[in-house]
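All heavy atoms count here, side chains included; hydrogens, waters and symmetry mates do not.
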Amino acid sequence: MSLILSLIQIIGSLGLFLYGMKILSDGLQKSAGAKLKTFLQLMTSNRFMAVFTGLLITIIIQSSSATTVMVVSFVNANLITLVQSIGVIMGANIGTTVTGWIVALVGFSMDITLISLFSIAIALPLMFSSKVKRREIAEIFLGFGLLFFGLEYLQASMPDVSQHTEVLAFLSRFEDGKLSSILICVVIGTILTCIVQSSSATMAITITMAYQGWIGVWTAAALCLGQNIGTTITAYLASLGTSTNARRAAMAHILFNVIGSIIAIIFFRPMMHMVNAITNGNIFTMTGEPLQQSLPTFLAAFHTVFNVINTIIFFPFVNQFAKIIEKLVPTKETYSEDTYHFKYIANTRMDTPEIYFLTVKQEMAKMADLCLDMFKRYEKVFESQDQSFIEKEVVELKKKEEYADQMQEQLIDFCVKLQQDSQSPTNAAMLNSLIRSIDEIESITDSIYNMTKISEDRIKKEIVFDADEKADVLEYHHLTAKFLAFIKENLGKSNFKIMRDAHEFENAMNIEHRRLSDEVHDRIQKGNVSVKAELMLLEVERNLEHIGDYCLNIAEASFAEPKHAAVLQKV
């Protein structure tokens, strides 16, 4: 009965530890999330910097899972390459060992109750601040406090080993250092980490059990290897249903940790003796309290040495490793031909909406590509006199227009969900901008399809445009195509020159629209023209003018900076 009660206490303590870790990681991400993403992009120029980046970011946000999910999302948005992502993952594996050192050096050698209360005392007044930044800092201190409280209760809830000799006798069977015992412990460590989805938490449990005398040094070290395999489950789950490159990044994380663990199992004894040589005392001859005091530091050192050696082994072969991953995860179309399914990185442990902005912007770029493709096909339709060709293109462009509708619906729905989760005014403004841009891009596809239907109506009614009239409209087409290409090329950029050029494009299109409209009305008043043909030309010109307006709206939503707002009103 006492063992069951202790188990319940251990689970509750673990829950408090995990909750503290989550709040700490979330607070760190919210406080430095945008800067970290910029840093991640800038510092992955080569393999050395990629490893350093993964190491530093994981140390800062105290979560290798958060780092690897961030990496997968960047790869999914084509912002970093597979080779760069492998380097960051290597660094993240080293960075995650810092948590073990914190637990070993602070959690078992100091009065952590005092540390916990001090952290929470700092967090309390900041939590009620009107400033978002201070509330984010409060989360960091609160997370630290709860994390150490969880660790304190975890230590206290471990039952007295002397009262459960039968359990101790069972666990001692795995302390012989044999291959079978090592493999069993690796599997147990993997399963536990997959369930908890936090190698930091399972590492804390392992160190605590070792400190309390429940498991020995060989068993604890083998559990650490399993934890390195189990931690890959988070990135794998995040990559499900995403792009090929994102799934490749997740696979790289899995293989890197699995192969490294296999190598470590093969050379388990030499690695244990290597760690023993660089730590104080001889862990294999210690007993009693000296062993109890030395085990946490030994295990933290073992965890670090394993990940550093694994990185050193793989580092020279990153390019070859990436090619193997590309063969194991072949290229696959992200979307079907007619139905859109928004693929995004989903991870319940990451509550920072900024991480998803890049993926949404990538989808917006695809919508812009769709617009350009539709407009090019429409231009051929406008110039054609082949009824079967036009009818066929109407069907195809209808499919594309419906595809754009699906993109609009799913992307805006996702942005609204992000908006509900975001408490940052900057994030809310960014999401409003994205929603507006997505809506305007979809409206462009509507106008293109409308003009295609006008051409279909023209050919069915056997209406032929005058050569000069057609030439004037073609010039308007070329100007519109340039504006669309300009928007696509500069989507997501932000500077005054881009906004100025966008206004110049829109002004040129307005001038062209007024000129052509005046000419049409003049011809109708003079007579001797087909009124139906002229009205069709007016309808085409009106849709082209709408496309110009939509493009400018996208520019204003996506590109305009607040400091330029007053100037832009005069442009």
| said: Between Leu225 and Phe268, is the side-chain contact (heavy atoms from CB on, under 4.5 Å) condition met? List the steps. | reply: CA-CA 10 Å; Leu225 295 181; Phe268 192 69; 3.8 Å; yes
| message | Show, in sequence, the C-alpha distance, side-chain angles and deciding distance for Trp218 and Arg269, and conclude whether the side-chain contact (heavy atoms from CB on, under 4.5 Å) test is met. | response | CA-CA 9 Å; Trp218 296 93; Arg269 285 184 176 274; 3.5 Å; yes
| request: Evaluate the criterion side-chain contact (heavy atoms from CB on, under 4.5 Å) for residue pair Leu431 and Val360; output intermediate values, then yes/no. | output: CA-CA 10 Å; Leu431 288 166; Val360 174; over 6 Å; no
| message | Test side-chain contact (heavy atoms from CB on, under 4.5 Å) on Ile86 and His253; report intermediate values, then the result. | response | CA-CA 7 Å; Ile86 292 172; His253 188 207; over 6 Å; no
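Contact check for Met272 versus Phe298: side-chain heavy atoms found under the 4.5 Å cut-off. In this structure, Ile325 and Leu255 have side chains that are in contact, with non-hydrogen atoms separated by less than 4.5 Å. When side chains are defined from C-beta on, Met90 does not count as touching Asn307, because their heavy atoms never get closer than 4.5 Å. Considering only heavy atoms from C-beta on, Met127 stays 4.5 Å or farther from Glu139 through its side chain. Two residues are said to be in side-chain contact when any heavy atoms from C-beta on lie closer than 4.5 Å; Met274 and Ile309 meet this criterion. Side-chain contact between Met430 and Lys361 is present, with at least one heavy-atom pair separated by less than 4.5 Å. A 4.5 Å side-chain heavy-atom check between Thr311 and Ile94 finds at least one atom pair inside the cut-off.
Checking side-chain atoms of Asn276 against main-chain N and O of Ile283 turns up a donor-acceptor pair under 3.5 Å. Between the Asn228 side chain and the Asn257 main chain, no donor and acceptor come within less than 3.5 Å of each other. Judged by distance alone, with hydrogens and angles left aside, the side-chain atoms of Asn310 form a donor-acceptor pair with the main-chain N or O of Phe256 at under 3.5 Å. The main-chain N or O of Pro290 is found under 3.5 Å from a side-chain atom of Ser294 such that the two form a donor-acceptor pair. Distance alone, capped at 3.5 Å, places no donor-acceptor pair between the Ser129 side chain and the Leu126 backbone. Without hydrogens or angle criteria, Thr232 side chain to Ile254 main chain gives no donor-acceptor distance under 3.5 Å. No donor-acceptor distance shorter than 3.5 angstrom exists from the side chain of Thr219 to the backbone of Ile215, with no hydrogens or angles considered. When atom types are taken as modelled, the side chain of Thr231 and the backbone of Gln227 share no donor-acceptor pair closer than 3.5 angstrom.
Salt bridge status for Lys323 with Glu326: absent, with no side-chain N to carboxylate O gap under 4.0 Å.
Using modelled atom types, one finds a donor on one side chain and an acceptor on the other under 3.5 Å when comparing Trp101 with Thr304.
The six-membered or imidazole ring of Phe48 lies near that of Phe315, with a centre-to-centre distance under 6.0 Å.
Atoms CG and OG1, on Leu295 and Thr206 in that order, are 11.5 Å from each other to the nearest 0.5 Å. Separation of atoms CG (Asp413) and NZ (Lys417) is listed at 4.5 Å; rounding is to 0.5 Å. The distance from the CD1 atom of Ile266 to the CE atom of Met271 is 10.5 Å, given to the nearest 0.5 Å. A distance of 9.5 Å separates CD in Gln410 from CD in Glu363, rounded to the nearest 0.5 Å. One finds the CE atom of Met203 at 8.5 Å from the OG1 atom of Thr97 (value rounded to the nearest 0.5 Å). Summarising the geometry, atom CG belonging to Leu328 is positioned 6.5 Å from atom CE belonging to Met251; distances are rounded to the nearest 0.5 Å.
The shortest heavy-atom contact between Thr193 and Gly230 is CG2-C, 3.6 Å. Smallest separation of non-hydrogen atoms from Cys415 and Leu434: SG-CB, 4.3 Å. Contact between Leu223 and Cys185 at its shortest, heavy atoms only, is CD2-O, 3.2 Å. Heavy-atom minimum distance, Lys488 versus Ala368: CD-CB, 3.5 Å. Annotation for Gly145 and Ile120: closest pair CA-CG1, 4.0 Å, computed over non-hydrogen atoms. The two residues Pro125 and Ala121 have their closest heavy-atom pair at CD-O, 3.1 Å.
Tested against His273, the residues Phe267, Phe302, Phe284 include a single ring pair (Phe, Tyr, Trp, His ring centres under 6.0 Å) partner, Phe284.
Within 6.0 Å of the CZ atom in Phe141, the count of heavy atoms belonging to other residues, nucleotides or ligands does not exceed 12. Within 6.0 Å of atom CG in Asp369, more than 12 heavy atoms from other residues, nucleotides or ligands are found, so the atom counts as buried in its surroundings.
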